[in-house]
Every structure is written in C-alpha cells, then in structure tokens.
Amino acid sequence: MLRGFRRGARDAGPAPAGADARRGPAAPGETGDPGDAGHRLRAPSRLHAFNRYEIKYLVDVAVVDELRAEIERRLDRDRHCGEDGYGVWSVYYDTRTLRFYWEKIEGLRFRRKLRVRHYGDRFGVHADTPVFVEIKQRVNRVTQKRRVCLPYRDALLLCDGRRMVEHEPGQRAFLDEVLDLVCRLDLRATAITGYQRHAYLGRDADVGLRVTFDRRIRGRDRDFHLGADAENRFIVPPHKAIMEVKANERVPYWLTDLTAKRNLQVVRISKYCQSVEAYGLAPRSIFHVPADGLGDACGPEAGPRTALFGAALSPGTAMSAAALPGSTLPGGNLSGTTLPGTTLEV
C-alpha cells in the first residue's frame with residue numbers, strides 16, 4: 001500500500017527542475033549536516049520538489065505554549081527556531097483578476113501560486129539577502145512545493161523585471177517555468193503576509209513530520225519590498241494562531257490523540273486569501289468566520305465529521321482530528337474569509 005502511495009505521489013506532479021541550487025543558507029526545516037540520517041526526509045533541498053499533506057487548525061494563542069510543550073516531548077525544535085521563533089515574510093503574485101485567489105476559493109483540484117519568501121528579520125533584507133522563489137501547488141489533496149534560493153535582487157529581476165537571471169545549470173527548467181507564469185499570466189505582486197513561527201521536526205518513527213505554530217499573522221496590499229518599513233494589518237485575529245501539521249504519509253496516533261483531546265478542528269485557511277480580503281481586493285467568501293472565534297459551519301459543503309485516526313493519508317480519505325486539507329468540518333471554512341475588526345500592526 002505504501003509503495004503504491006509513494007509511486008502515486010511521484011506521478012502527481014512535475015519532477016525537480018534540478019538537483020542543486022545556488023548556495024545559500026538553509027531554510028528553516030532544512031539541515032546542512034550530511035550525517036543526519038533523516039535530513040533528506042525531514043525537509044526538501046534548496047532546489048526541490050516534494051509531496052505532502054497539510055492539515056491546519058485555528059487555535060487560541062493562550063493554549064499555544066501548552067501545545068508546544070506537549071509537541072516538544074516527541075519532536076525536535078527546528079534549529080532555526082529560538083524561544084521567540086522566527087519571522088516568515090512572503091510576497092504573493094497573482095493576475096489582475098486574482099486567478100490564484102479564486103482557484104483557492106473555488107477549491108480547484110489543481111491550483112498553484114507563486115511567491116517570494118524570506119525567513120528572518122524583514123528589516124535586514126537587502127539586495128544580497130538570500131530569498132526563496134517558490135511555486136506551491138495543489139494536486140487533488142497533495143501539496144507540492146518547488147523553490148530555488150536566489151539573492152533578493154535576482155528574485156525581483158525574475159518576478160518583477162521578467163528577465164532571466166544568473167543561475168546554475170540545474171535551475172534552468174524551474175526558472176523558465178517561473179518566467180513563463182509571470183509573463184504569460186501577467187503576474188504582479190498582489191499581497192504580502194508575515195508571521196512569527198515556531199517549528200518542530202519529527203524524529204525516529206516520525207521522520208518526515210513537521211508541525212508549525214504561526215502567530216501574529218499580518219499582511220498588506222502595497223509596499224511590496226520585503227524590507228519596507230510599512231504598516232501591516234492583522235489578517236487573522238491576534239488572539240488566534242494557526243497550527244499546521246505537514247506529513248509525508250501519515251499522522252501518528254499520538255498527534256491525532258492530542259488534537260482530539262484538545263478538541264481542535266480542521267480549518268481551510270489561506271494566509272494569502274486572508275490578506276486579499278482584509279484589504280477588500282476581493283469580496284468576502286460565503287464561509288465567513290466571526291472575528292471572536294469559530295462559528296458554525298456555513299455553506300453547502302458543511303458536513304459531518306468522519307474519524308480515522310492514525311490511518312495512512314491517501315487521497316479521498318476523510319478524517320476528523322487528522323482530516324486532510326479540503327475536508328469541511330463543523331467549525332467553518334476559513335479559506336479566503338475576511339475577519340472584521342482587524343487592527344493595524346507593523
């Protein structure tokens with residue numbers, strides 16, 4: 001069964017554009033120690049493609065530290081993650097008509113988005129700062145991500161200037177794809193998101209598992225330079241955090257037990273869509289969620305829970321505490337919703 005799953009995952013999307021990338025610092029979640037037996041499974045290489053499932057929960061900030069304490073008993077803290085976590089800032093590109101946004105809202109089985117991402121202090125970003133140009137796509141229920149590390153000036157030249165940049169031979173196919181998307185769809189910077197992240201990596205039997213907690217989730221619709229001293233707005237209420245489980249094949253029993261014990265409910269939430277709607281770039285989704293927390297599920301897709309704890313994650317499987325992305329559960333669908341009463345924050 002697992003052999004079939006792995007074969008299907010390999011066939012689900014394009015292969016890596018190359019094996020190497022321009023040298024830069026490892027992104028959070030990556031490890032540069034070749035002696036680490038699980039390093040290739042724990043995180044992708046600097047130019048990579050991988051398949052995984054992503055499961056998101058909206059939790060109260062007040063309980064995040066308790067959840068982290070329980071997680072730390074079984075998972076290793078990301079080596080880039082100090083006590084305060086690390087910043088993640090992303091510029092998303094879209095068409096004039098917000099094609100990628102609407103593909104997410106409408107739940108297309110195949111969809112993708114282009115972004116430039118920086119890990120760390122945004123005020124330290126300059127022309128030579130390594131950033132990641134990423135294509136993140138969804139094929140049915142599987143998330144695939146490919147990216148390459150470039151100096152920020154080259155990332156801007158590629159995505160904004162629409163020109164090929166200096167690269168290593170193995171990067172050419174991926175950069176051609178980015179350039180084709182930008183030129184053919186007339187993509188432009190549309191929204192920016194930023195948040196503070198704590199990340200944990202699986203070990204032993206849980207190698208390949210990754211759990212993250214994102215707090216202070218903010219965004220803006222202008223001043224798209226990553227290092228800009230610009231005003232941001234909370235696009236998710238500041239008393240809420242997003243817990244995300246990323247698994248290659250299965251969610252372990254202990255983690256599904258933890259989410260069930262805490263009565264955590266799966267949500268479909270896109271930080272990019274939240275930013276788009278927070279600034280009125282698109283009308284509010286029918287899956288509206290009040291700012292004071294999760295309400296009842298609304299919309300035609302709302303349905304009952306189906307429990308299947310600890311089972312292998314295969315396309316078409318319905319789950320509750322370990323539900324696959326795209327499942328609609330009581331608690332509402334947050335994808336692309338506007339949360340009223342948001343406040344401004346830098």
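Just so it is clear, the values below take in all heavy atoms, side chains as well, and ignore hydrogens, waters and symmetry mates. Source: prediction; values computed, not measured.
A pairwise comparison of heavy atoms in Cys273 and Tyr101 identifies SG-CD1, 3.6 Å as the closest pair. Across all non-hydrogen atoms, the minimal contact from Thr190 to Leu281 is O-CD1, 3.9 Å. Minimum interatomic distance between Gly219 and Ile235 (heavy atoms only, all atoms of both residues): N-CG2, 3.8 Å. In this structure, Ser275 and Ile192 approach most closely via the heavy-atom pair OG-O, 3.4 Å. In terms of heavy atoms, Ala282 sits closest to Trp102 at CB-CZ2, 4.4 Å.
Around CZ of Arg96, the count of heavy atoms belonging to other residues, nucleotides or ligands within 6.0 Å does not exceed 12. For Asp180, the CG atom is densely surrounded, since the number of other residues' heavy atoms within 6.0 Å is greater than 12.
Seen from the ring of Tyr53, Arg141 does not count as a face-on cation partner, given the 6.0 Å and 45° thresholds.
The existence of a salt bridge linking Arg147 and Glu134 is confirmed by a sub-4.0 Å separation between a basic side-chain nitrogen and an acidic carboxylate oxygen. Using a cut-off of 4.0 Å between Lys/Arg side-chain N and Asp/Glu carboxylate O, Arg153 and Glu166 are scored as not salt-bridged. A salt bridge does not link Arg99 to Asp94: none of the charged side-chain nitrogens sits closer than 4.0 Å to a carboxylate oxygen. Note on Asp160 versus Arg162: no salt bridge recorded, every NZ/NE/NH1/NH2 to OD/OE distance being 4.0 Å or above. Salt bridge absent: Arg74 and Asp206 never bring a charged side-chain N and a carboxylate O closer than 4.0 Å. Between Glu70 and Arg262 there is a salt bridge, since a side-chain N of the basic residue sits under 4.0 Å from a carboxylate O of the acidic one. With respect to Arg138 and Glu103, no salt bridge is recorded, no charged nitrogen being found less than 4.0 Å from a carboxylate O. The residues Arg215 and Asp65 are annotated as salt-bridged, a charged nitrogen and a carboxylate oxygen being separated by less than 4.0 angstrom. Salt bridge status for Asp176 with Arg172: present, with a side-chain N to carboxylate O gap under 4.0 Å. Ion pairing of Arg77 with Glu72 is present here, as a side-chain N (NZ or NE/NH1/NH2) and a carboxylate O approach within less than 4.0 Å. In summary, Glu177 and Arg112 engage in a salt bridge, as defined by a charged side-chain N under 4.0 Å from a carboxylate O.
The structure places CZ of Arg218 at 12.0 Å from CD of Glu231, a figure rounded to the nearest 0.5 Å.
A ring-ring contact (aromatic ring centres under 6.0 Å, His included) check over residues 198-220, counting only residues at least two apart or in different chains, returns nothing.
When only modelled atom types and interatomic distance are considered, Arg117 and Ser90 share a side-chain donor-acceptor pair under 3.5 Å. Side-chain contact annotation: His80 with Asp78, donor-acceptor N/O pair under 3.5 Å present.
Taking the six-membered ring for Trp, Tyr152 and His225 have ring centres closer than 6.0 Å.
Among Lys56, Lys240, Lys271, the single residue meeting the side-chain hydrogen bond (donor to acceptor under 3.5 Å, both in side chains) criterion with Asp214 is Lys271. Test Lys113, Arg111, Arg146 against Gln137 for side-chain hydrogen bond (donor to acceptor under 3.5 Å, both in side chains) and you get one pass: Arg146.
Using a 4.5 Å heavy-atom cutoff, the side chains of Asp121 and Tyr86 are not in contact.
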Check your understanding: Can Asn232 and Arg220 be said to form a side chain to side chain donor-acceptor pair (under 3.5 Å), step by step?
Key -> CA-CA 5 Å; Asn232 297 284; Arg220 63 179 186 265; 2.9 Å; yes

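With sequence neighbours excluded, the residues satisfying ring pair (Phe, Tyr, Trp, His ring centres under 6.0 Å) with Tyr272 are Tyr92.
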